[in-house]
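Have a look at the structure below, then the notes.
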Amino acid sequence: DAGITQSPRHKVTETGTPVTLRCHQTENHRYMYWYRQDPGHGLRLIHYSYGVKDTDKGEVSDGYSVSRSKTEDFLLTLESATSSQTSVYFCAISESSGRSGGTQYFGPGTRLTVL
Amino acid sequence: AQTVTQSQPEMSVQEAETVTLSCTYDTSESDYYLFWYKQPPSRQMILVIRQEAYKQQNATENRFSVNFQKAAKSFSLKISDSQLGDAAMYFCAYRSSNYGGSQGNLIFGKGTKLSVKP
């Protein structure tokens, strides 16, 4: 299994509070991703990173920000959590491009509930 | 933009039988990757199989194989000798071969829930 951990694994918070989710990898992979999973929608990309301090938006980035100050850590922040952000959040990693690379490996997920 | 469609929200199979999960996709690209991921009740996303579009040969991993029809933009997953542990959500996903910008990201279908009956 790829060395990917997510913390916390479960969190309950209240509307309007800031929340930060952490993804940590031990594989030294260049690319890191944050997805959210909701019933009826599959997984949707929030933000991704293609290197330290290099990030970009995904399909559902509104209300989220990210930071990557080290290769191994990718943080997802909800500046002011809303009930619509209740979801399961997955981090994924992949090696650099090329025909031998590109497969994404996923962390265990974080279940976030916003009351 | 690319899209991935899984038209079967739920499927059921008898233990030891064979089942095929369907996936179609839409793209204007000629080179890309396709994946099947399994998500058991533990919620962990597990890679099942991967197919490169430039390869004509269908990928196989033990009891799992795919039927890749590039012209039809179809990528079905066949599970042979189904086992109770195969019960899970299965997601089909597409990725461009171009890693520039957002093109290296996975685009997922909505999933098929597979039940295995003993």
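All chains are named by letter (A, B, ...) in the order of the sequence lines, taking the proteins before the strands, and each is independently numbered beginning at 1. Scope of the values below: all heavy atoms of this structure, side chains included, with no hydrogens, waters or symmetry mates.
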Original post:
Quick one: what part of A/Arg44 sits under 4.5 Å from any heavy atom of chain B, side chain, backbone, both or neither?
Top reply: neither
Original post:
What closest approach, in Å, do A/Asp38 and A/Ser87 show between heavy atoms, and which atom pair accounts for it?
Top reply: OD1-OG, 2.8 Å
Original post:
Hey, would you say the A/Tyr35 and A/Tyr89 ring centroids sit under 6.0 Å apart?
Top reply: no
Original post:
Which residue out of B/Arg43, B/Met45, B/Met89 racks up the most heavy-atom pairs below 4.5 Å with chain A?
Top reply: B/Arg43
**OP:** Tell me, for A/Glu59 versus chain B, whether the close heavy atoms (under 4.5 Å) come from the side chain, the backbone, both or neither.
**Re:** neither
**OP:** To the nearest 0.5 angstrom, please state how far the NZ atom of B/Lys78 sits from the OG1 atom of B/Thr18.
**Re:** 6.0 Å
**OP:** Run the ring-centre check on A/Phe90 versus A/Tyr33 and record whether the distance is less than 6.0 Å.
**Re:** no
Subject >> Interchain contact, B/Gln39 with chain A, by part (heavy-atom threshold 4.5 Å) >> reply: side chain
